[in-house]
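The block underneath contains the structure these notes are about, expressed in structure tokens.
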Amino acid sequence: MEHQILQIALDAPLDFCFDYRWLSGEGCAPAVIGQIAIVPFGRREVAGMIVGVTQHTDVPPDKLKDALAVHVQLPPLNTEWLALCRFAADYYQRPLGEVVIPALPKNLRGLKTISLDRALKKLAKPGSSHDSTPADVPALNASQQAAVDAIASASGFAPHLLYGVTGSGKTEVYLQAAARILSRHEDADNHAQILILVPEINLTPQLEGNIRARFPGVMVATLHSGLAEGERLGNWLAAHLGQARIILGTRLALLASFPHLKLIVIDEEHDPSYKQQEGLRYSARDLAVWRARQLAIPLVLGSATPSLESWHHAQSGRYRQLDLRERAVRDAVLPTVSLINMEHDKPFEGITATLLAALKLRLERGEQSLLFLNRRGYAPVLACDACGWISNCSRCTAFMVLHKPDHRLRCHHCGLEQRIPKSCPTCGNVDIQPLGRGTQRVEEGLQALLPEARLLRIDADSTRLKGSAQAAFDSVHRGEVDILIGTQMVAKGHDFQNLTLVGILNPDTALFSQDYRASERLFAQLMQVAGRAGRVAQKEGGSVSQVLIQTRYPQHPLYAAIIAHNYDRFANTLLAERRQAGLPPFIYQALLRADARELSIALEFLKAAAVAVQQDGIIINDPIPMTMTRVANVDRAQLLIESVSRPALQAFLKVWIDAMRQIKTRARWSVEVDPVDI
Ligand code: ADP
Ligand code: ZN
Ligand code: ZN
């Protein structure tokens, strides 16, 4: 038996570790760093991570509590993983426990000891995948080959930007590089592990199937928020125990444990979903770079429209750029992009005559079309002409969106719902009208225009049930749909085989957004959705694949760049603008947010924070209400901090946060490092 003092990180809003006493039982090995302990905390029993083991504590003996259990059956998390968590906590200015504990599967956070065998049983064992015949491996084209060679032969920390147009076969590069690295470690005791991150697994089920088919002898595990807890535990353990060789996951997978990690791939690295927007607001992409450096392994960031941060690093030589300039499928070419000037070609039911004609042509030829509109619901607002009433949300600075199929007005920000009023709530006018157009309305209008067409709408509303998105995409792939109408859900990743037309409705609003990142995002989104067309060679008598953009601003340079499929020039122009304007990636930012029942309380706090600490080289901007000030009856304001030096900003934040803790306020506040939504 041995007495130990365990220093334990808990998921608590306090920035230090807690001491507990631990008496390892008879025949039991003493506790070690990296093990999970269950401890009393307040009135609860919570899981903590052992981050230090000593004999000494400053806690008086009568105050010192005993740990209730240590999960000794689980091999401890290793120092590499703990170092990653420490870095994340330090960099994002959060308590260590807030990083460590949520990164563990929920089932490891209870008193119950788990049976590793039982937890692992649910996992698909290698060879048990659907078809046991290995899939065909396509011969790589020259650019793909060069990319695979570069990645697989890299030694040490080697970040790569795989810049490949849509359909250029980036996935094939990931898979073949992974195969090379796996086979290189086959004989070693420590088999290699490969982590592949994607923005959202549910939208790319093809990829999981492809990987399993391609690596029939290898255990593949997925990690994402859609897994049931038991499954998540099993998959996490398979990674932690080194059994899973390929882990396919979303951003949360980056914080899992991989003892033998040899390659990290981030597909669609520009995607906003790699940034967590609550709690620990981390960027999985940025942490991946750190993790790859720490492990001295190669990293692949893949995109047709890289983030300006990654693009900047590639331009300046910090990342090695690998180009795939052409589509991989023989004779498949990028679609031609044209603009439809809505000032001349006035839309009816949101569809211009030119677009309607193009849709009809596809219908006649038995080809599929996709209409992209990034706004779900029927109409963004309901209004009364007579008195000016509009369907404001009573709890947010936002409109209630009209959802016609379920006869509801719904706020997309706080979830408030109500029946659609029969008449104006203010003046009684019965003729209240929807303004604007969402996917439901486009679907309705289009069905009237093309009664014979088989339409399918895919958005967050139509796919609420588990598995329904998958079923919807399957029916598109089976050819049961003529026209697909969707939000950004349809833009990502899908390899549609018979789609020759993409119509883009109403993208203009983002052109004039206050958010300086809006144009970068719009460009990426349009390129991505455009990339769904023409992924196979043009059939005989078939259509040239085409993208039609309905716009009121056909002169806008962003559209010129889309037409030219020229991300390079566009990105370089944006970078030059950002450099001039002193915006990221040329400066570093942090955002202080404050929430309160009243705006004045939030602003009051920010004003106090703004003068709490002064430091040279740190710019403290004025506090301002957020554009959408009120959400769910909470008012929100923010304060932006900037510096040309990242270390200076980091040092300042530590001092500043300490100082802010001394400010008395009823506002809730938090600091976000490298904010993306300002
Ligand atoms: P990306 O991720 O770059 O958009 P994908 O990886 O989805 O592109 O590839 C597009 C299509 O090209 C897929 O159908 C894929 O099977 C095919 N493909 C990839 N590489 C090759 C190759 N070397 N030869 C033939 N087809 C390929
Ligand atoms: Zn009215
Ligand atoms: Zn609301």
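The model shown is predicted, which means the values in this text are computed figures rather than measured ones. Each ligand, and each atom within it, is numbered from 1 in the order the structure gives.
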Donor-acceptor side-chain pairing of Arg362 and Gln546 below 3.5 angstrom: yes
Looking at [Y] and [X], is there a salt bridge between them, counting it only when a charged N and a carboxylate O are closer than 4.0 Å?
X      : Y      : value
Lys275 : Glu672 : yes
Asp677 : Arg521 : yes
Arg180 : Asp149 : yes

Check ligand 1 against [X] and write out every atom of the ligand that is under 4.0 Å from a heavy-atom position of the residue.
X      : answer
Gly167 : 1 (P), 3 (O), 4 (O), 8 (O), 10 (C)
Leu140 : 23 (N)
Ala139 : 22 (C), 23 (N), 24 (N)
Asp495 : 11 (C), 13 (C), 14 (O)

Heavy atom under 4.0 Å from ligand 1: found in [X]'s side chain, backbone, both, or neither?
X      : value
Leu324 : neither
Arg327 : neither
Arg330 : neither
Thr166 : backbone
Ala332 : neither

List the residues meeting salt bridge (charged side-chain N to carboxylate O under 4.0 Å, His left out) with Arg327, not counting sequence neighbours, and say none if there are none. none
For the pair [X] (side chain) and [Y] (backbone), establish whether a donor and an acceptor sit closer than 3.5 Å, ignoring hydrogens and angles.
X      : Y      : result
Ser462 : Arg457 : yes
Asp515 : Arg517 : yes
Glu367 : Ser543 : yes

When you look at CD of Gln321, are more than 12 heavy atoms from neighbouring residues, nucleotides or ligands closer to it than 6.0 Å? yes
Does atom CZ of Arg365 have more than 12 heavy-atom neighbours from other groups under 6.0 Å away? yes
With 2.8 Å as the limit, count the protein N, O or S atoms near the Zn ion (ligand 3). 4
Starting from atom 17 (C) of ligand 1, which protein heavy atom do you reach first, and at what distance in Å? Val329 CG2, 3.7 Å
Protein contact to atom 7 (O) of ligand 1 [nearest heavy atom, distance to 0.1 Å]: Arg535 NH2, 3.2 Å
Quick one: list whatever passes ring-ring contact (aromatic ring centres under 6.0 Å, His included) with Tyr274, sequence neighbours left out. none
List nothing but the number: protein N/O/S atoms under 2.8 Å from the Zn ion (ligand 2). 4
